[in-house]
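A note on names: the letters A, B, ... follow the listed sequences, proteins ahead of strands, and every chain is numbered from 1. This structure is a prediction, so every number in the text was calculated from the model and none was measured.
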Amino acid sequence: MKISSIHTWDMSPVEAIKLQNRLRDMVSAEDGPDEIQYVAGLDVSIKENRGIGAAVILDYPDLQPVETAIAKKDIAFPYVPGLLSFREAPVLIAALKKLSLTPDLVLVDGQGIAHPRRLGIAAHLGVLTGLPTIGCGKTRLYGKYEGPGPRRGDYSWLYAGSEIIGAVVRTKERTNPIFISVGNNISLDRAIRYILLCTTTYRLPEPIRIAHLTAGKESPGGSDWHANALML
DNA sequence: GCGACAG
DNA sequence: ATCTTGTCGC
């Protein structure tokens with residue numbers, strides 16, 4: 001698939017913050033088309049400044065893998081809370097470009113607008129691709145909340161002052177909830193529903209879980225310890 | 001000034 | 001993210 005190059009990635013943290021403030025108004029929480037056939041999952045693994053980005057596509061609602069793409073890139077930008085996209089988005093975009101299929105929805109490992117400048121990696125990628133995206137974080141970056149109920153499907157709101165910027169969703173009982181937020185072109189309400197529909201027996205949505213395994217599997221000599229069971 | 005801080 | 005064994009709980 002093609003992706004617009006509105007900007008480059010080689011810049012300082014200060015410039016990165018200015019860019020985020022420039023792109024934040026391009027995010028939309030309006031629902032797009034209703035038909036969803038393909039859901040993509042994105043994740044990155046990094047080993048000694050070498051990043052492996054994985055983009056997997058599962059059919060919906062069956063959640064069976066139908067295409068996988070991997071890209072590798074040297075990671076230049078440091079990890080700075082709030083600037084994750086400048087570190088991980090480049091390799092993810094490289095992986096997305098290799099896909100022959102175009103996803104109808106993209107789940108990203110990280111926050112959407114639940115971010116100090118409302119432009120977490122899922123929102124940033126949503127603006128660049130124009131696709132509906134949802135941010136799925138394993139922990140909180142920004143916002144206040146009270147824990148959701150104990151049952152699968154229970155959720156509570158994530159607030160930035162009085163503004164709702166996301167939801168804390170229990171996808172599995174007796175397990176920590178995940179942080180869901182709008183990336184682009186989707187409403188929070190629908191984002192929560194899709195996340196639950198894409199989550200089966202594990203804490204994380206299948207697309208992201210598969211992308212995580214895919215990104216961590218690749219390595220020269222064969223350094224996959226706990227993730228040998230990628231039997232699909 | 002002091003914490004908090006996606007992956 | 002990464003390092004990375006054994007172990008506690010359902």
Please tabulate, one pair per line, each protein N/O and nucleotide N/O from nucleotides 1-5 of chain B that are separated by under 3.5 Å, including the distance.
unit_1: B:dC5; atom_1: OP1; unit_2: A:Arg140; atom_2: NH2; d: 3.0

Scan nucleotides 7-10 of chain C against the protein and return all N/O pairs shorter than 3.5 Å with their distances rounded to 0.1 Å.
unit_1: C:dC10; atom_1: O3'; unit_2: A:Arg174; atom_2: NE; d: 3.2

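The stretch residues 154-171 of chain A has no heavy atom under 4.0 angstrom from DNA chain B at all. DNA chain B lies under 4.0 Å from at least one heavy atom of each of the following residues of residues 108-123 of chain A: A:Asp109, A:Gly110, A:Gln111, A:His115, A:Gly120, A:Ile121.
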Can you give the dot-bracket line for DNA chain B, where a pair is Watson-Crick or G-U wobble with both atom distances under 3.5 Å, crossing pairs use [ ], and | marks a partner on another strand? .......
Paired and unpaired positions of DNA chain C as dot-bracket, Watson-Crick or G-U wobble under 3.5 Å, | denoting a partner strand: ..........
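Just one residue in the list A:Val169, A:Ile180, A:Asp43 forms a side-chain contact (heavy atoms from CB on, under 4.5 Å) with A:Cys136, and that residue is A:Ile180.
In this structure, A:Ile165 belongs to a hydrophobic cluster whose other members, linked by side-chain heavy atoms under 4.5 Å apart, are A:Leu141, A:Tyr142, A:Tyr145, A:Leu158, A:Val168, A:Phe179.
Side-chain contact between A:Val127 and A:Thr133: absent, with no pair of heavy atoms (C-beta onward) separated by less than 4.5 Å.
Among pairs with a residue in residues 97-131 of chain A, those fulfilling ring pair (Phe, Tyr, Trp, His ring centres under 6.0 Å) read A:His7-A:His124, A:Trp9-A:His124, A:Phe86-A:His124, at least two apart in sequence or across chains. Residue pairs meeting the ring pair (Phe, Tyr, Trp, His ring centres under 6.0 Å) criterion with at least one partner in residues 181-213 of chain A, sequence neighbours excluded, are A:Tyr60-A:Tyr194. Within the structure, side chain to side chain donor-acceptor pair (under 3.5 Å) pairs that include any residue of residues 167-187 of chain A comprise A:Asp31-A:Ser187 (at least two apart or interchain).
Not one side-chain nitrogen or oxygen of A:Lys138 sits closer than 4.0 Å to the OP1 or OP2 atom of B:dA6. An OP1 or OP2 oxygen of C:dC3 is reached within less than 4.0 angstrom by no side-chain nitrogen or oxygen of A:Lys47.
Taking the side chain to side chain donor-acceptor pair (under 3.5 Å) definition, one finds that A:Arg117 meets it with A:Gln20, sequence neighbours left out.
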Return a table of donor-acceptor pairs under 3.5 angstrom between the side chains of residues 94-107 of chain A and protein atoms on other chains or two or more places apart.
unit_1: A:Lys98; atom_1: NZ; unit_2: A:Ile70; atom_2: O; d: 2.9
unit_1: A:Ser100; atom_1: OG; unit_2: A:Glu67; atom_2: OE1; d: 3.2
unit_1: A:Ser100; atom_1: OG; unit_2: A:Glu67; atom_2: OE2; d: 3.0
unit_1: A:Asp104; atom_1: OD2; unit_2: A:Gln37; atom_2: N; d: 2.9
unit_1: A:Asp104; atom_1: OD2; unit_2: A:Tyr38; atom_2: N; d: 2.9

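Nucleotide C:dA1 holds its C1' atom 15 Å from the CD1 atom of A:Ile208, rounded to whole Å.
Nucleic acid contact for A:His124: none, since no nucleic acid atom lies under 4.0 Å from a heavy atom of the residue.
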